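First comes the structure, then the notes that go with it.
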Amino acid sequence: MRRLKSDYESMLSEFTKHKYISFESLNENSEYPDKYIVHYKNISSVRLSADSQKGNILVDRLTLHTAEIYLHNEYPRIKPQCFLLTEIFHPNIRKSSPNDICIGDYWSSGETLVDIVYQIGEMIMFQNYNIKSPLNGVAAKWARENESLFPIDSTNIRSPELDVKLTAKKNIDIELK
């Protein structure tokens, strides 16, 4: 219960006015939320195009994404269940239902829910992907052949205010004393 409370408070603190990430919390079996719907906006990823054919993979760009994170009874000893509700083409996201997300081969109970939310966002943008242990073999093969395209989006979602300030001013003068 303490961990669920801590994660919920951290989510509120981190994402209440976030530029790219918002969330809804759902309470199924406890006083504090154990299920979250996370929305990512204005960050790019790709999905398999309807015009794709075997041997000729085409992708379409997407900028809105939704994930579901379920903090089951064994959390945080065992990693949470994560699903992408938006269809994307990614080596570490299963294409068929339940569209689960592999958030890593190794789990540490010290990872927080906020860390997971950021990790999923970075996966969506192909800043983070693993072609050696894929859930989607076709996407892994495509990623291996198209590594020059990545990341698809280089937005720093971990500190969006910093991105805005740095891109708004081209020249920054720093005086060292």
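What you see below is based on every heavy atom in this structure, not just the backbone, and it leaves out hydrogens, waters and symmetry mates. No experiment lies behind these values; they were computed from the predicted model shown.
- At a threshold of 4.5 Å between side-chain heavy atoms, the hydrophobic network of Ile, Leu, Val, Met, Phe, Trp and Tyr places L71 and F83 in two separate groups.
- In this structure, T66 contributes its side chain and T86 its backbone to no donor-acceptor pair below 3.5 Å.
- Taking CG from N27 and CG from D34, the interatomic distance works out to 6.0 Å, rounded to the nearest 0.5 Å.
- If you take CD1 on I124 and CG on L62, they are separated by 9.5 Å, rounding to the nearest 0.5 Å.
- Across R3 and S109, no two heavy atoms sit closer than the pair NH1-O, 2.7 Å.
- Taking R2 as the reference, nothing meets the salt bridge (Lys or Arg N to Asp or Glu O under 4.0 Å) condition, with sequence neighbours excluded.
- The backbone N or O of E9 lies less than 3.5 Å from no partner atom in the side chain of S13, so there is not a single donor-acceptor pair.
- One side chain, T112 or D115, offers a donor N or O that lies under 3.5 Å from an acceptor on the other.
- Remark: side-chain polar atoms of H18 are paired, donor with acceptor, to backbone N or O of I157 under 3.5 angstrom.
- Under the 4.5 Å side-chain contact rule for hydrophobic residues, V117 and L4 share a cluster.
- The CE atom of M1 lies 5.0 Å from the CD atom of E31; values are rounded to the nearest 0.5 Å.
- Residue F89 comes nearest to L48 through the heavy atom pair CB-N, 3.7 Å, listed as atom of the first residue, atom of the second, then distance.
- Looking only at distances, no side-chain donor or acceptor of N128 sits under 3.5 Å from a matching main-chain atom of E122.
- Taking CD1 from I69 and CG from L26, the interatomic distance works out to 11.5 Å, rounded to the nearest 0.5 Å.
- Note on I101: it does not cluster hydrophobically with V138, by side-chain heavy-atom contacts below 4.5 Å among ILVMFWY residues.
- Centroid-to-centroid, the aromatic rings of F15 and Y118 come within less than 6.0 Å.
- With hydrophobic clusters built from ILVMFWY side chains whose heavy atoms lie under 4.5 angstrom apart, I21 does not share a cluster with L64.
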| Steps toward side-chain contact (heavy atoms from CB on, under 4.5 Å) verdict (S49, V59) | CA-CA 5 Å; S49 172; V59 295; 5.7 Å; no

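- Across S45 and I88, no two heavy atoms sit closer than the pair OG-CD1, 3.6 Å.
- Taking all atoms of both residues into account, the shortest heavy-atom contact from P80 to I116 is CG-CD1, 3.4 Å.
- For E87 (side chain) and K95 (main-chain N/O), no donor-acceptor pair under 3.5 Å exists by modelled atom type.
- Pairing each heavy atom of V114 with each of E14, the nearest pair is CG1-CG, 3.8 Å.
- A side-chain donor-acceptor contact under 3.5 Å links W107 to the backbone of P76.
- Ring-plane geometry between Y8 and F23 is classed as perpendicular, the angle between the planes exceeding 60 degrees on a 0 to 90 degree scale with a lower cut at 30.
- Annotation: the span from I78 atom CD1 to N73 atom CG amounts to 10.5 Å, rounded to 0.5 Å.
- Between the side chains of Y36 and D7, no donor-acceptor pair of N or O atoms lies under 3.5 Å.
- Counting all heavy atoms, side chain and backbone alike, H90 lies closest to N136 at O-CB, 3.5 Å.
- N146 places no side-chain N or O within 3.5 Å of a backbone atom of L149 that could act as its donor or acceptor partner.
- When atom types are taken as modelled, the side chain of N56 and the backbone of S52 share no donor-acceptor pair closer than 3.5 angstrom.
- Between D105 atom CG and K132 atom NZ the span is 11.5 Å, to the nearest 0.5 Å.
- Relative ring orientation between Y129 and F126 is described as tilted, the plane-to-plane angle lying within the 30° to 60° band.
- A salt bridge does not link E111 with K79: none of the charged nitrogens is closer than 4.0 Å to a carboxylate oxygen.
- For the pair Q119 (side chain) and I103 (backbone), a donor-acceptor distance under 3.5 Å is present.
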| Does the pair C82 and I120 meet the rule for a side-chain contact (heavy atoms from CB on, under 4.5 Å), with working shown? | CA-CA 9 Å; C82 302; I120 292 170; 4.1 Å; yes

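- Cluster membership for L84 and M123, using ILVMFWY side-chain heavy atoms within less than 4.5 angstrom, is shared.
- Looking only at distances, a side-chain donor or acceptor of N99 sits under 3.5 Å from a matching main-chain atom of R94.
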| Verdict with reasoning, E68 to I37, per side-chain contact (heavy atoms from CB on, under 4.5 Å) | CA-CA 5 Å; E68 178 183 308; I37 304 298; 3.9 Å; yes

